[in-house]
Amino acid sequence: MEEKKKIATRDAYGRALAELAATDKNLVVLDADLSKSTKTADFAAVAPERFFNAGIAEQNMIGVAAGLAACGKTPFVSSFAIFATGRAYEQIRNSVANPQLNVKIAATHAGITVGEDGSTHQSIEDISLMRTLPNMTVVVPADAIETTQAVKELAAFKGPAYLRLGRLATPQVNDENYQFKLGEAVLLRPGRDIAIFACGMMVAVALEAAELLAQENISATVVNVHTIKPLDNDSIIDNAGCCGAAISVEEHSIYGGLGSAIAEVLAENCSVPFARVGIEDKFGQSGSPDALLRVYGLTPTAVATRAKAVIAKKNSK
Amino acid sequence: MSLNVVADYAKEMRRKIISMLGLSGSGHPGGSLSATDILAELYFDGMRVDPSNPKWEDRDRLILSKGHAAPALYAALALKGYFPVEELDNLRKLGSRLQGHPDMKKLPGVDMSSGSLGQGLSAANGMALAGRLDDKDYYVYVIMGDGENQEGQVWEAAMFAAHYKLDHIIAFVDHNRLQIDGNITDVLSPEPLKDKWQSFGWNVQQIDGHNIEQIATAIAAAKQVKAQPSLIIADTIKGKGVSFMENQVSWHGNAPKAQQVEQALSELA
Ligand SMILES: Cc1ncc(C[n+]2csc(CCOP(=O)(O)OP(=O)(O)O)c2C)c(N)n1
Ligand SMILES: [Mg+2]
């Protein structure tokens, strides 16, 4: 892949909100004392009358958003993923998802690439928590371009949604002509031997892994599964079916996230050799994002190795 | 509406509460009966609502944060005309709009789903903020339990309302002094409630929560308060109106049997 400028999805989020402020007068933004980190401060700067700091009180913040939504507003609420979805889980369940209120939970600092702050701040369970809730839409954008479009689409879409964003500046996988469509996975690279399904910053890693595999004459499909719920079952079944082997790659626990979602679809529809690449029943720890990705097996090389093991299984059948 | 008429509605609500709980065979009579007079005053006098237009944007809102008192809310809504009174017989039945705890997606007149204690005041904050953003003058009423005041989220919400000067929130604490496991001061004391709420920046009144006139007066006084949310601590009796239920912790979450229904209804005649 060409070297393109790296941008964090949280930066794109803040910019998209600030842009929307002018046109979407219903938009209201809440944060829990992390607006500089989540980048909602960008919105606060241009629409201070529609920005509310809830303080370090995430449970109330979710409830406030529910009340705003019940009166026709479109609230975006932000904090770190661990606090937004973990601390306030039951508030999201009972005050947002069950009454199907139009609240967007846009959480940053998801995954281990939070880095040095360590495991207390590294959310590796949030996709799982949000995916299990009826009525909840779950989106994990791969890059800044996709984030910008996802924010706009979710602002227009009526219903509860979770948007998972990262802290780290990451490569762009989409170009300016890219068109995000909620619930439609994107085939980024067609191949024959294995399908790699990825979300978030792991999409760029998957593309690099596919490059490495190509050097060994292995042809890998790469699919950006930006919407985890509703999952694009057709894309999963078609691409896994065509290749006869598949892996999932995510910066999240292998329990309950993208990998689990795909395993569920494959087990019920199209059983092919499959592996989940993600964080394996462990907490994170302090370290640089790069070091952590290495230790937890989320580098292009590690992904390529896992892909080859699954292909070997297919061939030994 | 005259206060006597409101009192008549309160009595009719109590009769409906007993009958519907008798039919459902489960539910929460104690906390429904303690909150009945507050709800009667709100729906039949204090609140600006239109049952023929339950989603009216300018309406006052009510959040029954202690959602287990749903039978009291359902009785008020039915008598007000939001849905047929006969539907009260379907309480807690499969497919019913009258869920065990209030569901805003199912039943017209329910402004916020509730049932998990501690969450209602937060939603009220959001509704009051929305009203302010839209230049509307509606009020948002909340009814909390006194045991519910043990929830941390209540105090997050209390801080928020005071910080943002949400003077269109009028919240009640149904101060019946009981929760499931006993007396609130034995389980985990939330007292002194009045001092706590005052120190959190709220305008606080304490009244007899079964005296319609005092409830009406307190609401009127709360509406005069500017730049501050209002709390009304309503001293109540759990199970009020049914002799064998009054002040009995055992009637928190038990439905009356046929014979008990009969006795209760004769007392409420
Ligand atoms: C978060 C939460 N925890 C526990 C319960 C179970 N519960 C239902 S009612 C109740 C006691 C409520 O006491 P109080 O707030 O004093 O209500 P009231 O006496 O008016 O019935 C409890 C613990 C619940 N509904 N929500
Ligand atoms: Mg009580």
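In what follows, every chain begins at residue 1, and chains take the letters A, B, ... in the order their sequences are listed.
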Non-hydrogen atoms of B:Lys105 and A:Pro99 that approach each other most closely: CD-O, 3.2 Å

Segment of A:Ile62 engaging chain B (4.5 angstrom heavy-atom cut-off): neither

Heavy-atom proximity to chain B below 4.5 Å, by part of A:Ala54: both

Interatomic distance, A:Asn60 atom CG to B:Met159 atom CE [nearest 0.5 angstrom]: 8.5 Å

Approximate separation, where rounding is to 0.5 Å, of B:Tyr164 OH and A:Asn53 CG: 5.5 Å

Within 6.0 angstrom of B:Lys165 NZ, more than 12 heavy atoms from elsewhere: no

Segment of B:Arg132 engaging chain A (4.5 angstrom heavy-atom cut-off): neither

B:Lys55 atom NZ: more than 12 heavy-atom contacts under 6.0 Å: no

Inter-residue atom distance B:Met112.CE - A:Asn94.CG, 0.5 Å rounding: 9.0 Å

Gap between atom CG of B:Leu129 and atom CG of A:Leu30 - 0.5 Å precision: 7.5 Å

Residue selection (most heavy-atom pairs with chain B, distance under 4.5 Å) from A:Lys25, A:Glu49, A:Gln91: A:Gln91

Heavy atoms of other groups near A:Arg50 CZ, more than 12 under 6.0 Å: yes

Pair A:Glu90-B:Ser116, side-chain donor/acceptor within less than 3.5 Å: yes

A:Arg93 atom CZ, neighbour heavy-atom count above 12 within 6.0 Å: no

Donor-acceptor contact present, side-chain A:Gln59 to main-chain B:Gln153, <3.5 Å: no

Minimum heavy-atom distance between B:Asp134 and A:Cys71, given as atom pair plus value: OD2-O, 4.3 Å

Rounded distance [0.5 Å steps], CG in B:Leu133 versus CZ in A:Phe52: 4.5 Å

Neighbour count >12 (heavy atoms, 6.0 Å) for atom CD, B:Gln198: yes

Flag if over 12 foreign heavy atoms under 6.0 Å of NZ, A:Lys36: no

Part of B:Ala124 lying under 4.5 Å from any heavy atom of chain A: neither

